[in-house]
Amino acid sequence: MGKQIKKIAVMTSGGDSPGMNACIRAVVRSCAYYHIECVGIFRGYQGLIEGDLKKMNARSVHHIIQKGGTILKTARSKEFRTKNGRQKAHKQLIDNNIDALVLIGGDGTFTGGMLFNQEFNFPIIGVPGTIDNDIFGTDYTIGYDTALNNVIYAIDKIRDTASSHNRLFLVEVMGRDAGFIALNSGIGAGAEEILIPEEKLGLKRLLESLKRSRRSGKLSSIVVVSEGDKIGKNVFELAEYIEENLPEYEVRVSVLGHMQRGGAPSCFDRVLASKLGVKAVELLLDNKTNLMVGLVNNKIKTIPLEKAVKGNHEINKELLRMSDILSV
Ligand code: F6P
């Protein structure tokens, strides 16, 4: 039998993602439902170190389910990476009588949480929130679906101008070292080529594919490039390289950037965030700790935080083969 949990704190950390607010709402309302006190920590680990906390109740989270970003703000705290920073964070939790933490974030957030749990044995549940979808132990992270939709709406617009000018567009999308956003938005937007870090297409093959595309009668093309792709050139150098080697192509670059992370969360992300937020509180009340809660084959599952951090969420490369078929 562990300690009875009477007060839970919730924070968002790392890059914001659409749906984080829906998850905060789910955590706060679950606490209210189970008559547990709830505290919001502002600016992630940095806010925790500095004691930037606020009591929250069911009404504190009204009308936020539809909002992008995070009402709790977020940060990538350098101080929390130090032992001294983590000690300060722990002292804040103790001084404020907080019994457990719900961490909404990605890889970096969970790595910090895992260390913190090892050092102070403090109860923690992680909820995967990042647009990158690069977390092991869940099929989807909160915000990924919305980011995909943001990307395809943007590419649909780029397609109009690309086709009007008979141009080739290189569209760079986010994802850090993972190609989930590029691969799935590329399929969804009907891209001619998709470049992801997990698969080395190679410059030669790319040129061949573009030549083939021209020969088949295509006058304009979209190539989706994941920001982490290691083709050997950044997206601007790649544009120059293509123009030098294929003068028949007029190339433009569009880096979609942070617009991918903003806007109202999709229904999928709202529902996912709500399910995972409720489960996180229930797990803590059940004295479970050091776990991440995720969605696997449409079922809510937990795995040890350590596995979530160390494991590799494999991308479905079969989709690349399909993309070749679809862009013939
Ligand atoms: O992890 C989410 C993400 O948007 C990545 O896709 C991207 O590489 C990174 O964050 C950008 O971070 P920042 O907003 O700190 O520049």
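One-based numbering along the sequence shown. For ligands, and for the atoms within them, numbers begin at 1 and follow the listed sequence.
Aromatic rings from Y45 and F116 are positioned such that their centres are separated by 6.0 Å or more. Taking the ring centroids of H90 and F120, they lie under the 6.0 Å cut-off.
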With the criterion set at N/O pairs under 3.5 Å, what does the list of contacts between the protein and ligand 1 look like, atom names and distances included?
{"residue": "ligand 1", "atom": "1 (O)", "partner": "D132", "partner atom": "OD2", "Å": "2.7"}
{"residue": "ligand 1", "atom": "4 (O)", "partner": "R261", "partner atom": "NH1", "Å": "2.8"}
{"residue": "ligand 1", "atom": "6 (O)", "partner": "D132", "partner atom": "OD1", "Å": "2.7"}
{"residue": "ligand 1", "atom": "6 (O)", "partner": "G175", "partner atom": "N", "Å": "3.0"}
{"residue": "ligand 1", "atom": "6 (O)", "partner": "E227", "partner atom": "OE2", "Å": "3.3"}
{"residue": "ligand 1", "atom": "8 (O)", "partner": "E227", "partner atom": "OE1", "Å": "3.4"}
{"residue": "ligand 1", "atom": "8 (O)", "partner": "E227", "partner atom": "OE2", "Å": "2.5"}
{"residue": "ligand 1", "atom": "10 (O)", "partner": "R76", "partner atom": "NH2", "Å": "3.2"}
{"residue": "ligand 1", "atom": "10 (O)", "partner": "R261", "partner atom": "NH1", "Å": "3.1"}
{"residue": "ligand 1", "atom": "12 (O)", "partner": "R76", "partner atom": "NH2", "Å": "2.9"}
{"residue": "ligand 1", "atom": "14 (O)", "partner": "H258", "partner atom": "NE2", "Å": "2.8"}
{"residue": "ligand 1", "atom": "14 (O)", "partner": "R261", "partner atom": "NH1", "Å": "2.9"}
{"residue": "ligand 1", "atom": "14 (O)", "partner": "R261", "partner atom": "NH2", "Å": "3.0"}
{"residue": "ligand 1", "atom": "15 (O)", "partner": "R76", "partner atom": "NE", "Å": "3.1"}
{"residue": "ligand 1", "atom": "15 (O)", "partner": "R76", "partner atom": "NH2", "Å": "3.1"}
{"residue": "ligand 1", "atom": "16 (O)", "partner": "H258", "partner atom": "NE2", "Å": "3.4"}

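The number of heavy atoms from other shown groups lying within 6.0 Å of CE (M259) is above 12. The number of heavy atoms from other shown groups lying within 6.0 Å of OH (Y140) does not exceed 12.
The pair R321-E318 meets the salt-bridge criterion, with a side-chain N (NZ, NE, NH1 or NH2) lying under 4.0 Å from an Asp/Glu carboxylate O.
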Which donor-acceptor pairs under 3.5 Å do the side chains of residues 218-225 make with protein atoms, sequence neighbours left out?
{"residue": "K218", "atom": "NZ", "partner": "E192", "partner atom": "OE2", "Å": "3.0"}
{"residue": "K218", "atom": "NZ", "partner": "S327", "partner atom": "O", "Å": "2.9"}

